[in-house]
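Below is one structure, written out as structure tokens; the observations come after it.
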Amino acid sequence: MKSLDRWPALPLAEWKDTYATLHMWTQIVGKTRLALCPNINHWWGTAFYLTARGLTTSAMPYQNGVVEMRFDFIEHVLQIQTSTGESQIIRLAPRSVADFYSEFMSVLQSLGIDAKIWNMPVEVPRPVRFNVDENHASYDPTYAHRFWQVLTAIEPVLQKFRAGFIGKSSPVHFFWDSFDLAVTRFSGRRAPVQPGADIIMKEGYSHEVSSVGFWPGDGEVIKDAAFYAYAAPEPAGYKDSAVRPDKAFYSAEKHEFFLMYDDVRRSSSPQQTLLDFCESTYDAAANLAHWDRAELEKTDRQSSRAGA
């Protein structure tokens with residue numbers, strides 16, 4: 001398969017309405033995961049994982065056993081299956097968030113799943129409660145499938161990058177609140193509490209991190225899909241670091257490095273280009289913050305680069 005087929009175009013302008021609606025649907029399911037699962041450090045217990053057909057919550061405990069919810073971007077359904085053998089399907093099609101939310105909550109009730117969720121979206125401008133949101137009602141299956149296809153190209157590269165680190169590291173996971181696929185490395189040291197930080201930030205950034213991920217963009221500061229990297233807390237000099245490839249840049253507004261997805265997909269080796277971005281931004285963070293790299297990394301760092 002040609003790299004441009006494996007890494008298809010994902011212009012935000014072509015699917016922004018679908019993205020906005022799908023973001024709300026994933027938040028509804030994600031908030032259910034938040035309600036049902038134990039609070040694992042750094043909110044890891046709330047994230048989704050990539051599958052061969054879409055995204056999954058993985059198995060979650062409820063009164064009668066466990067339940068798993070899977071977004072299937074091939075058949076375009078949300079599958080809800082329990083360990084008692086019950087199964088329900090919600091179609092993914094043009095429909096309002098309010099309509100999706102109503103059916104979803106009815107399905108949970110029919111399956112005996114008692115999950116009380118806060119019906120207000122997070123991390124979006126001008127949030128509207130799910131139960132009254134009639135504005136977000138778009139779903140283009142072609143672009144929903146394409147977004148998932150992009151994730152399937154990216155995830156193995158992030159796994160390779162993760163493999164070179166033996167310190168504390170997050171899984172490669174999908175955060176429904178910010179709608180991004182990410183992996184995070186930890187120095188092992190606690191981070192200072194940031195003034196004014198809310199409970200989300202306090203838990204998420206309780207320790208020093210270097211994080212990298214993929215995000216569809218906001219149409220404003222980052223106009224299209226992009227890879228990002230940041231260090232928290234950000235060490236002095238980080239923003240001026242020379243990172244690879246040359247087209248990567250630092251956003252003073254976002255306090256992160258970015259590499260546009262189109263620059264990766266059009267490169268001679270998208271996998272190696274992305275891995276270079278992951279490695280070089282981590283190098284900058286770890287060196288400037290004086291991480292104990294000898295203790296945190298595999299002796300042969302080529303393990304994360306091999307076969308890229």
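Under a hydrophobic-cluster definition in which Ile, Leu, Val, Met, Phe, Trp and Tyr are linked whenever side-chain heavy atoms come within less than 4.5 Å, directly or via other members, M120 and V128 are assigned to different clusters. I166 and V209 fall into different hydrophobic clusters, defined by Ile, Leu, Val, Met, Phe, Trp and Tyr side-chain heavy atoms under 4.5 Å apart, directly or through other members. In the hydrophobic clustering of this structure, V66 does not group with V107; members are Ile, Leu, Val, Met, Phe, Trp, Tyr whose side-chain heavy atoms approach within less than 4.5 Å, directly or through other members. Hydrophobic cluster membership is shared by M260 and V264, with clusters built from Ile, Leu, Val, Met, Phe, Trp and Tyr side chains linked at under 4.5 angstrom. Following chains of ILVMFWY side-chain contacts shorter than 4.5 Å, one can reach L12 starting from I154, so the two form part of one hydrophobic cluster.
Annotation: the span from Y62 atom OH to L111 atom CG amounts to 6.5 Å, rounded to 0.5 Å. In this structure, NE2 in H136 is found 16.0 Å from CZ in R95, a value given to the nearest 0.5 Å. Once rounded to the nearest 0.5 Å, the distance linking CG of D276 with CG of L259 reads 10.0 Å. Taking CG of L34 as the reference point, atom CG of N39 lies at 7.5 Å (rounded to 0.5 Å). Of the inter-residue distances, the one linking T281 atom OG1 with F258 atom CZ reads 12.0 Å to the nearest 0.5 angstrom. Distance check, rounded to the nearest 0.5 Å: CH2 of W148 to CZ of F73 gives 9.5 Å.
Side-chain contact check for F130 versus K31: some heavy-atom pair is nearer than 4.5 Å. Side-chain contact check for L151 versus L55: some heavy-atom pair is nearer than 4.5 Å. With contacts defined as side-chain heavy-atom distances shorter than 4.5 Å, the pair F249/V243 does not qualify. Taking 4.5 Å as the limit, every side-chain heavy atom of V67 sits out of range of all side-chain heavy atoms of S83. With contacts defined as side-chain heavy-atom distances shorter than 4.5 Å, the pair L158/C278 qualifies. Q81 is not listed as a side-chain neighbour of M69, based on a closest heavy-atom distance of 4.5 Å or more. For the pair D133/M24, a side-chain contact is recorded, criterion being any heavy-atom separation below 4.5 Å from C-beta on. Using a 4.5 Å cut-off on side-chain heavy atoms (C-beta onward), I89 and L78 make no contact.
Contact detail for L296 and S187: the closest heavy-atom pair is CD1-O, 3.8 Å. Closest heavy-atom contact between V221 and S251: CG1-OG, 4.0 Å. Residues T18 and D140 share a closest heavy-atom pair of OG1-N, 2.9 Å. Nearest approach of F165 to K168, heavy atoms of both residues: CE2-O, 3.3 Å. The heavy-atom pair separating Y49 from V172 by the smallest distance is CD2-O, 4.0 Å. Smallest separation of non-hydrogen atoms from A59 and R33: O-NH1, 4.5 Å.
With Y282 as the aromatic partner, R185 meets the cation-pi criteria of under 6.0 angstrom to the ring centre and within 45 degrees of the ring axis.
Without hydrogens or angle criteria, S102 side chain to A98 main chain gives no donor-acceptor distance under 3.5 Å. Formation of a donor-acceptor pair under 3.5 Å by the W176 side chain with backbone atoms of T46 is found in this model. A donor-acceptor contact shorter than 3.5 Å links the side chain of K298 to the backbone of A163. Side chain of R146 to main chain of A9: a donor-acceptor pair is present (N/O by atom type, distance under 3.5 Å, no hydrogens or angles). With hydrogens and angles ignored, the 3.5 Å screen pairs a side-chain donor or acceptor of S170 with a backbone N or O of T184. K116 places no side-chain N or O within 3.5 Å of a backbone atom of A35 that could act as its donor or acceptor partner. A donor-acceptor pair is defined here as one N or O able to donate and one able to accept, closer than 3.5 Å; such a pair exists between the side chain of T21 and the backbone of A137. Using modelled atom types, no side-chain atom of R6 and backbone atom of R265 make a donor-acceptor pair closer than 3.5 Å. Between the Q27 side chain and the V122 main chain, a donor and an acceptor come within less than 3.5 Å of each other. With N287 contributing its side chain and D283 its backbone, the two residues share a donor-acceptor pair below 3.5 Å.
Within a 6.0 Å radius of CG in D240, more than 12 heavy atoms belonging to other residues, nucleotides or ligands are found. Within a 6.0 Å sphere centred on CZ of R189, other residues, nucleotides and ligands contribute more than 12 heavy atoms.
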Given E208 and R190, is the salt bridge (Lys or Arg N to Asp or Glu O under 4.0 Å) satisfied, shown in steps?
-> CA-CA 6 Å; E208 290 182 344; R190 281 196 170 272; over 6 Å; no
Decide yes or no on ring pair (Phe, Tyr, Trp, His ring centres under 6.0 Å) for F104 and W25, but give the supporting numbers first.
-> CA-CA 10 Å; F104 178 79; W25 294 350; over 10 Å; no
Worked check of side chain to side chain contact (heavy atoms under 4.5 Å, CB included) between V183 and S169 = CA-CA 7 Å; V183 64; S169 176; 4.0 Å; yes
W7 and L274: side chain to side chain contact (heavy atoms under 4.5 Å, CB included), yes or no, with the steps?
-> CA-CA 12 Å; W7 300 73; L274 174 54; 4.2 Å; yes
Under the side chain to side chain contact (heavy atoms under 4.5 Å, CB included) criterion, do V29 and T57 qualify, and how do the steps go?
-> CA-CA 8 Å; V29 175; T57 60; 3.7 Å; yes
Show your reasoning for whether side chain to side chain contact (heavy atoms under 4.5 Å, CB included) applies to W215 and I222.
-> CA-CA 10 Å; W215 174 58; I222 306 300; 3.7 Å; yes
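Between W44 and H173, the ring-plane angle classifies as perpendicular under the 30° and 60° cut-offs.
Between R244 and E279 there is no salt bridge, since no side-chain N of the basic residue sits under 4.0 Å from a carboxylate O of the acidic one.
Taking the salt bridge (charged side-chain N to carboxylate O under 4.0 Å, His left out) definition, one finds that D177 meets it with nothing, sequence neighbours left out.
Residue pairs meeting the salt bridge (charged side-chain N to carboxylate O under 4.0 Å, His left out) criterion with at least one member in residues 57-86, sequence neighbours excluded: R53-D72, R53-E75, E68-R70. Residue pairs meeting the side chain to side chain donor-acceptor pair (under 3.5 Å) criterion with at least one member in residues 218-236, sequence neighbours excluded, are D180-Y228, Y205-Y230, D218-K254, E234-Y250.
Ring centroid separation for the pair H76 and F71 does not come in under the 6.0 Å cut-off. Between Y238 and F257, the gap from one ring centroid to the other is short of 6.0 Å. Taking the six-membered ring for Trp and the full ring otherwise, F147 and F179 have centroids separated by under 6.0 Å. Centroid-to-centroid, the aromatic rings of F214 and Y261 come within less than 6.0 Å.
Using modelled atom types, one finds no donor on one side chain facing an acceptor on the other under 3.5 Å when comparing T56 with S58.
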